Amino acid sequence: MKLVYIDETGSVGPGARHQPYLTLVAAIVDESNVAPLAKGLEAVAAKHLGWVPARFEFHGNEIWQGTHHWEGKSPAELLAAYADLMALLDTCDVDIAHASIHKANLHARYRGAADENAYRLALQFLVEKVDSYGSDLKILIADESKDQQVPAVRMVAGMQSWSWGGEVPGKQLTTVIDTLHFVDSCASPGVQIADLVAYVIQRSRRKESHPDAQNMLDRLWHAVASRTRTYREPWP
């Protein structure tokens, strides 16, 4: 059994105008590695923060920007923490998949009528890719998304029943079982890993202004790229 943890980046927030893509990332973890992944994240927090705060969770943006629990740490310390987190992809044999929607192109193609469908389109493309990757049965677990939960659950159920159950004609799912589960990321190490990877993918799409920052990002991107097993080019 594989657990597929899903998180998104690029849809909302003050930096959205710098993020032309809405990207969904899946971190695919064998059931035997779920507990080791949780322990690995806890060990990284203890190593780089000195303790594990109550209800602590990793966010790529906070580490990269040095905010919240990471405030006051040097760029070298932040990179070391992020690098240790990305090393867990190999240690825990985490496979990566991703799919993106180009928001401006989607808006132009459908004259704004499909803007609210961007999340579900990315989810459909991602789930189709994940479903085709390997024959293991898979359970989908996504970060909470109040606006999308009900329609996304219905869409996945439709894709499990017939090939036209998605936002656009696609393929019927054969390895994805049960429903799409939405969870609090604070309680899900797998979703946190997906968040960390999603931030690296989103950040890598633009050139950093400082060469040291670019070198940092290149290292993180290499770690992600080496574990990326399937993806869909940005659409449309």
Side-chain angles (χ1 to χ4, degrees), residues 2-16 18-29 33-34 37-38 40-41 44-45 55-65 67-68 70 81-82 85-86 88-89 92 94-101 103 117-131 133 138-153 155-156 176 179-205 217 220-221 223-225 227-232 234:
K2 301 287 188 184
L3 281 78
V4 181
Y5 298 98
I6 299 171
D7 200 10
E8 67 174 287
T9 186
S11 59
V12 295
H18 300 298
Q19 301 170 17
Y21 301 97
L22 186 156
T23 297
L24 263 64
V25 168
I28 307 167
V29 186
N33 281 318
V34 171
L37 178 61
L41 285 170
V44 172
R55 287 191 56 79
F56 172 77
E57 62 180 304
F58 287 100
H59 288 291
N61 181 64
E62 291 180 358
I63 301 174
W64 184 265
Q65 302 291 350
T67 60
H68 202 202
W70 304 94
Y82 220 132
L85 290 163
M86 293 298 93
L88 292 173
L89 299 180
C92 297
V94 180
D95 292 331
I96 300 300
H98 58 85
S100 298
I101 299 298
K103 293 181 287 185
N117 298 14
Y119 177 93
R120 294 191 299 280
L121 283 164
L123 179 65
Q124 177 181 348
F125 299 152
L126 177 66
V127 172
E128 288 176 346
K129 288 289 187 179
V130 167
D131 182 71
Y133 175 61
K138 306 175 183 81
I139 292 179
L140 307 178
I141 303 166
D143 189 18
E144 289 179 325
S145 178
K146 294 180 180 179
D147 293 337
Q148 298 292 341
Q149 287 184 196
V150 172
V153 166
M155 184 188 76
V156 170
V176 172
T179 186
L180 168 59
H181 300 269
F182 284 92
V183 300
D184 180 355
S185 60
C186 184
S188 177
V191 169
Q192 293 175 45
I193 279 288
D195 172 277
L196 292 162
V197 170
Y199 187 80
V200 172
I201 292 174
Q202 176 261 110
R203 192 90 195 182
S204 69
R205 287 177 166 142
L217 184 59
L220 299 176
W221 169 246
V224 169
R227 298 298 312 188
T228 299
R229 305 304 184 219
T230 182
Y231 63 93
R232 174 154 178 167

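Along the sequence shown, the residues carry numbers beginning at 1. The structure presented is a predicted model; accordingly, all values stated were derived computationally and were not measured.
- Distance check: Ile96 CD1 to Arg227 CZ gives 8.0 Å after rounding to the nearest 0.5 Å.
- For the side-chain contact (heavy atoms from CB on, under 4.5 Å) test, residues two or more places apart in sequence or in another chain that qualify with Ser188 are Tyr5, Val183, Val191.
- Atom OG of Ser145 sits about 9.5 Å away from atom CG of Asp7, to the nearest 0.5 Å.
- Nearest heavy-atom pair across Gly190 and Ala27 is O-CB, 4.2 Å.
- Contact record, Gln148 with Arg120: OE1-NH1, 3.0 Å, taken as the closest heavy-atom pair.
- Between atom CD of residue Glu57 and atom CG of residue Asp184 there is a gap of 6.5 Å, rounded to the nearest 0.5 Å.
- Side-chain contact between Trp221 and Ile201 is present, with heavy atoms from C-beta onward closer than 4.5 Å.
- For Tyr231, the ring pair (Phe, Tyr, Trp, His ring centres under 6.0 Å) partners at least two apart in sequence or on another chain are His98.
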Criterion side-chain contact (heavy atoms from CB on, under 4.5 Å) on Thr23 and Glu8, from CA distance to verdict: CA-CA 6 Å; Thr23 297; Glu8 67 174 287; over 6 Å; no
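- Atom-to-atom distance recorded for Leu123:CG and Phe125:CZ is 10.5 Å, nearest 0.5 angstrom.
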Val29 and Ile193: CA distance, side-chain angles, deciding distance, side-chain contact (heavy atoms from CB on, under 4.5 Å) verdict: CA-CA 10 Å; Val29 186; Ile193 279 288; over 6 Å; no
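- You'll find the side chain of Val130 stays beyond 4.5 Å of the side chain of Ile6, heavy atoms only.
- Contact of the Leu89 side chain with the Val197 side chain is registered, since non-hydrogen atoms from C-beta on lie closer than 4.5 Å.
- With rounding to the nearest 0.5 Å, the separation of CG in Asp143 from OG1 in Thr9 is 11.5 Å.
- Formation of a donor-acceptor pair under 3.5 Å by the Gln192 side chain with backbone atoms of Phe58 is found in this model.
- A donor-acceptor contact shorter than 3.5 Å links the side chain of Asp131 to the backbone of Val176.
- The two residues Leu24 and Ala122 make their nearest non-hydrogen contact at CD1-CB, 4.0 Å.
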Check against side-chain contact (heavy atoms from CB on, under 4.5 Å), Leu41 and Leu88: CA-CA 8 Å; Leu41 285 170; Leu88 292 173; 4.0 Å; yes
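- Here the side chain of Asn61 pairs no donor or acceptor atom with the backbone of Tyr199 at under 3.5 angstrom.
- Partners of Lys129 according to the side-chain contact (heavy atoms from CB on, under 4.5 Å) rule, which considers only residues two or more places apart in sequence or in another chain, are Thr230, Arg232.
- Between the Lys138 side chain and the Ile28 main chain, no donor and acceptor come within less than 3.5 Å of each other.
- The heavy-atom pair separating Ala81 from Val44 by the smallest distance is O-CG1, 4.0 Å.
- Within the 3.5 Å criterion, the main-chain N or O of Cys186 finds no donor-acceptor partner in the side chain of Arg55.
- Contact detail for Tyr82 and Leu196: the closest heavy-atom pair is OH-O, 2.8 Å.
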Stepwise side-chain contact (heavy atoms from CB on, under 4.5 Å) test for Thr179 and Val156: CA-CA 7 Å; Thr179 186; Val156 170; over 6 Å; no
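- Counting heavy atoms from C-beta outward, Val127 and Leu180 have side chains that stay 4.5 Å or more apart.
- Remark: Ile139 CD1 to His181 NE2 distance equals 5.5 Å, nearest 0.5 Å.
- Closest of all the heavy-atom pairs between Ile101 and Ala118 is CG1-O, 3.5 Å.
- At distances below 3.5 Å, at least one donor-acceptor pair connects side-chain atoms of Asn33 with backbone N or O atoms of Cys92.
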